[in-house]
Asks: 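Right, I'll just put the structure down here and ask away after.
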There are 2 protein chains.
Amino acid sequence: MSDSRPSRRQRNAPTINDVARHAGVSPMTVSRVINGEQAVRPATRAKVDATIAALNYAPSAAARSLAGGEEMRIGLLYSNPSASYLSEFLVGSLDQASRSGVHLVVEKWDEQTSVKAVVDHLTRGRIDGVILPPPLCDLEEMVQALAAVNMPAVAVATGRSAGDLAAVRIDDRQAAYEMTRHLIALGHSRIGFIKGNPNQSASTRRLEGYVAALGDAGLAVQDDYIAQGYFTYRSGLDAAEHILALAEPPTAIFASNDDMAAATVAIAHRNGLDVPGDLTVCGFDDTSLATTIWPELTTIRQPISAMSRAAVEVLVQMLRARRSKLEAAPAHLVLDHQLIRRQSDAPPRVRPKAGGRK
Amino acid sequence: MSDSRPSRRQRNAPTINDVARHAGVSPMTVSRVINGEQAVRPATRAKVDATIAALNYAPSAAARSLAGGEEMRIGLLYSNPSASYLSEFLVGSLDQASRSGVHLVVEKWDEQTSVKAVVDHLTRGRIDGVILPPPLCDLEEMVQALAAVNMPAVAVATGRSAGDLAAVRIDDRQAAYEMTRHLIALGHSRIGFIKGNPNQSASTRRLEGYVAALGDAGLAVQDDYIAQGYFTYRSGLDAAEHILALAEPPTAIFASNDDMAAATVAIAHRNGLDVPGDLTVCGFDDTSLATTIWPELTTIRQPISAMSRAAVEVLVQMLRARRSKLEAAPAHLVLDHQLIRRQSDAPPRVRPKAGGRK
DNA sequence: TGGTCAAATGGTAGCGTTATCATTTTCGCG
DNA sequence: CGCGAAAATGATAACGCTACCATTTGACCA
């Protein structure tokens, strides 16, 4: 009766019970020793440690997390499958999730579904926290709905520079500033700008950087050099067409993302302009499109996968803190960007307007 | 008494029991559905699947591996981050991996690393099986290296129509055939073709379909209407330039993927041709690029995420079978494709050459 | 229509660990 | 020397799932 119990154990790995029996203590005591808890007498601890070493025992991670309720599920809610952005984002967060031993649940949000429905779905699905890539991170309704059900969230690449929401981002303003400086340093003084979708706060930061750089260089901001875009290729076509149709068009155009920069290149070509000979074009984000088209785009590299990795890490820490009832201020990480020079920029072919420089 | 049961559960995680209760079946049946076992009636399976989706349930890896099912880790090895393809691929496989309760480990292969090094890495990482998206599925060296270490693999979107390797794909030949028929039905008789990278066997299938459709319509295959491409935008530019420079250029160009079709549109515009007025252009794959550019591309939709989903499922079943020492013939799934008509095709503007029709 | 057998489904008992309490031991101090 | 409190240890019941077998259902044939 003691021998023929129908154990399902495949592997002869020693269990905590084996250790307990050999050491002459209860499994609970062994558990305490393993977890380094205080309430164990040194003598007992030594005995248990010795037995563990002798049996070459290793605790089962599976049983541990089952019993301890340590499993965490974090959701990644995306809405605008901006292809190249998403894939890099996914790779980064997956990697970090696996490292942190957390489950990553990827969820798509169609614009038709109500915010409430998605949040309900997340809640019922035992999601412990959410990562919000753009443009969701700027959707106030979503942020508030999550806050309402007390679900921790991390915004990625938002333009909101601070606040109650944890965030991981780059300094969009500074990056745009640097790119504009770069164009000015090349000799451009007539620089166009294509704005991003106003539903993302990063758009505003980028515009600010552009304006600031012009101002610092003593160049005037010309309103008709600034066109509204929406981060899509299509919107870039319209914006570029508008700017290039001006009587005195700019010699460089800085688009708020790579898609619109690519569209600008297309319009330039259609107008018989050489890029970068007749027109310098640069983008933002360094998505794969930047190196897909010809000429390859000079752009700002956002460390997308590093950002998503960081987002997972931040979220995990928030969840751990919350479990221990600690309340911490929401983290706010700013990662480094980088100006990547490729083939789409050059000094202006024509000399700057007489009087354009002192 | 019913209310105050001392549950240790922190969060209201849906468990297999919740699903079972909601679906009106036993937990065992749910377990069977999750694991894709055979002995479940389709109606029951559907009901359970629906409940799983509704509750957003995902099995607990911990409990599962504790209960005896070993933990499975499957690798997704990608090399050419074809952005839009990858992200859709990831979303599908992630979703299915979560449903099947297996870990998905995403691994990138730089072309510099030796095949041996990657395979070693997988082995040491205790990866039980691998999914190979294109172009890796056609890299004979990789396939053989995996076979050498006895690691199960599933090829996705390969052109190999059969063999020792499990595969999930569409019928590339038939799809290309249909697209070509479509162009012929529109009235085109001078149809150009841009080939895909010869390192992918699907390229050959697509060419075959094109040739077969022309043949069946009694149209001659003109060698100079066929240009070599490599699936990149850049290669598409060259190919399209070549074809459109002919004395009597085609009225339609069928590119082997969307990137090259987009490049063709760019060249056409540069040459002052209207698409589709002067030139019909169509692509293949229906990646996001197809709807990014203007005009949006008529193309063949590959159910990418369904394919990656299926690949995970197939791999899991292979691993299960192998665990039970069963040896089954490698599965070979062919999923349905679809011809998506958008704005890039139209009947030819000029009448077909005299005599071109009876 | 009833009987047979395989397919489909359900019940039960763990898998190895920890949370929670109950119990025992130890030790300080009057 | 004994009392009470704190420290140390133990017993028990989950945690969520699947293996194994028992039971029910449905299909097919006589």
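Per chain, numbering begins at 1; letters A, B, ... match sequence-line order.
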Asks: Tell me the interatomic distance from B/Leu66, atom CG, to D/dT18, atom C1', rounded to whole angstroms.
Replies: 11 Å
Asks: Can you name the residues that form a side-chain contact (heavy atoms from CB on, under 4.5 Å) with A/Val314, not counting sequence neighbours?
Replies: A/Val154, A/Ala166, A/Val168, A/Met318, A/Ala331, A/Leu333
Asks: On the nucleotide D/dC17, are OP1 or OP2 found under 4.0 Å from the side-chain N or O atoms that B/Ser60 carries?
Replies: no
Asks: How far does the helix from C/dT1-D/dA30 to C/dG30-D/dC1 bend, going by the axes of its first and last five pairs, to the nearest 10°?
Replies: 30°
Asks: Could you note down all residue pairs passing salt bridge (Lys or Arg N to Asp or Glu O under 4.0 Å) where residues 52-62 of chain B supplies at least one of them, sequence neighbours left out?
Replies: none
Asks: When the side chains of residues 302-310 of chain B are checked against the rest of the protein, which donor-acceptor pairs come out under 3.5 Å, sequence neighbours left out?
Replies:
from: B/Gln302; atom 1: NE2; to: B/Asp285; atom 2: OD1; distance (Å): 2.8
from: B/Ser308; atom 1: OG; to: B/Phe89; atom 2: O; distance (Å): 3.0
from: B/Ser308; atom 1: OG; to: B/Ser93; atom 2: N; distance (Å): 3.3
from: B/Ser308; atom 1: OG; to: B/Ser305; atom 2: O; distance (Å): 3.0
from: B/Arg309; atom 1: NH1; to: B/Asp95; atom 2: OD2; distance (Å): 2.5

Asks: All N/O contacts under 3.5 Å from nucleotides 10-12 of chain C to the protein, with atom names and distances to one decimal?
Replies:
from: C/dG10; atom 1: OP2; to: B/Ser26; atom 2: N; distance (Å): 2.7
from: C/dG10; atom 1: OP2; to: B/Ser26; atom 2: OG; distance (Å): 3.0
from: C/dG10; atom 1: OP2; to: B/Thr29; atom 2: OG1; distance (Å): 2.7
from: C/dG10; atom 1: O6; to: B/Arg32; atom 2: NH2; distance (Å): 2.8

Asks: Hey, is the side chain of B/Ser31 poking within less than 4.0 Å of OP1 or OP2 on D/dT18, counting only N and O atoms?
Replies: yes
Asks: First locate atom OH of B/Tyr57, then atom OG1 of B/Thr15, and finally report the distance between them rounded to the nearest 0.5 Å.
Replies: 7.0 Å
Asks: To check you understand the geometry: which heavy-atom pair defines the closest contact between A/Ile16 and A/Pro27, and what is its length?
Replies: CD1-O, 3.6 Å
Asks: Could you tell me the separation between the CE atom of B/Met72 and the P atom of D/dT18, rounded to a whole number of Å?
Replies: 11 Å
Asks: Pairs in or reaching into residues 129-152 of chain A: which pass salt bridge (Lys or Arg N to Asp or Glu O under 4.0 Å), with residues at least two apart or in two chains?
Replies: A/Glu140-A/Arg160
Asks: Within residues 40-48 of chain A, which residues have any heavy atom lying less than 4.0 Å from an atom of DNA chain C?
Replies: A/Arg41
Asks: Side chain of A/Arg64: nearest nucleotide among D/dC17, D/dG16, C/dT17?
Replies: C/dT17
Asks: Mind calculating the distance between CD (A/Glu37) and P (D/dA7) to the nearest angstrom?
Replies: 14 Å
Asks: What nucleotide, of C/dT18, C/dT9, D/dG16, holds the atom closest to the side chain of A/Ala67?
Replies: C/dT18
Asks: Mind checking ring pair (Phe, Tyr, Trp, His ring centres under 6.0 Å) for A/His103 and listing every partner two or more places apart, or none if nothing turns up?
Replies: B/His103
Asks: What pairs with A/Arg64 under side chain to side chain donor-acceptor pair (under 3.5 Å), at least two apart in sequence or on another chain?
Replies: A/Asn35
Asks: In residues 49-59 of chain B, which residues come under 4.0 Å of DNA chain D by heavy atom?
Replies: B/Tyr57, B/Pro59
Asks: Using 0.5 Å steps for rounding, measure from the CD1 atom of A/Ile74 to the CD atom of A/Gln96.
Replies: 9.0 Å
Asks: Within this structure, what is the CD1-to-P distance between B/Ile16 and C/dA13, rounded to whole angstrom?
Replies: 18 Å
Asks: Can you tell me the distance, in whole Å, between the CZ atom of A/Arg21 and the P atom of D/dT9?
Replies: 19 Å
Asks: Below 3.5 Å, can you tabulate the donor-acceptor pairs from side chains in residues 44-56 of chain A to any protein atom, sequence neighbours excluded?
Replies:
from: A/Arg45; atom 1: NH2; to: A/Glu37; atom 2: O; distance (Å): 2.8
from: A/Thr51; atom 1: OG1; to: A/Lys47; atom 2: O; distance (Å): 2.8

Asks: With a 4.0 Å cut-off on N to O distance, would you call B/Glu88 and B/Arg301 a salt bridge?
Replies: yes
Asks: Restricting to non-hydrogen atoms, name the atom on B/Leu319 and the atom on B/Asp128 that form the minimum distance, rounded to 0.1 Å.
Replies: CD2-O, 3.2 Å
Asks: Given D/dT18, is OP1 or OP2 found less than 4.0 Å from the side-chain N or O atoms of B/Asn35?
Replies: yes
Asks: Rounding to a whole Å, what distance do you find between B/Gln38:CD and C/dA6:P?
Replies: 18 Å
Asks: Could you pull out the closest heavy-atom pair between B/Ala117 and B/Thr113, with the gap in Å?
Replies: CB-CG2, 3.7 Å
Asks: Taking ring pair (Phe, Tyr, Trp, His ring centres under 6.0 Å) as the test, write out the residues that go with A/His121, two or more places apart.
Replies: none
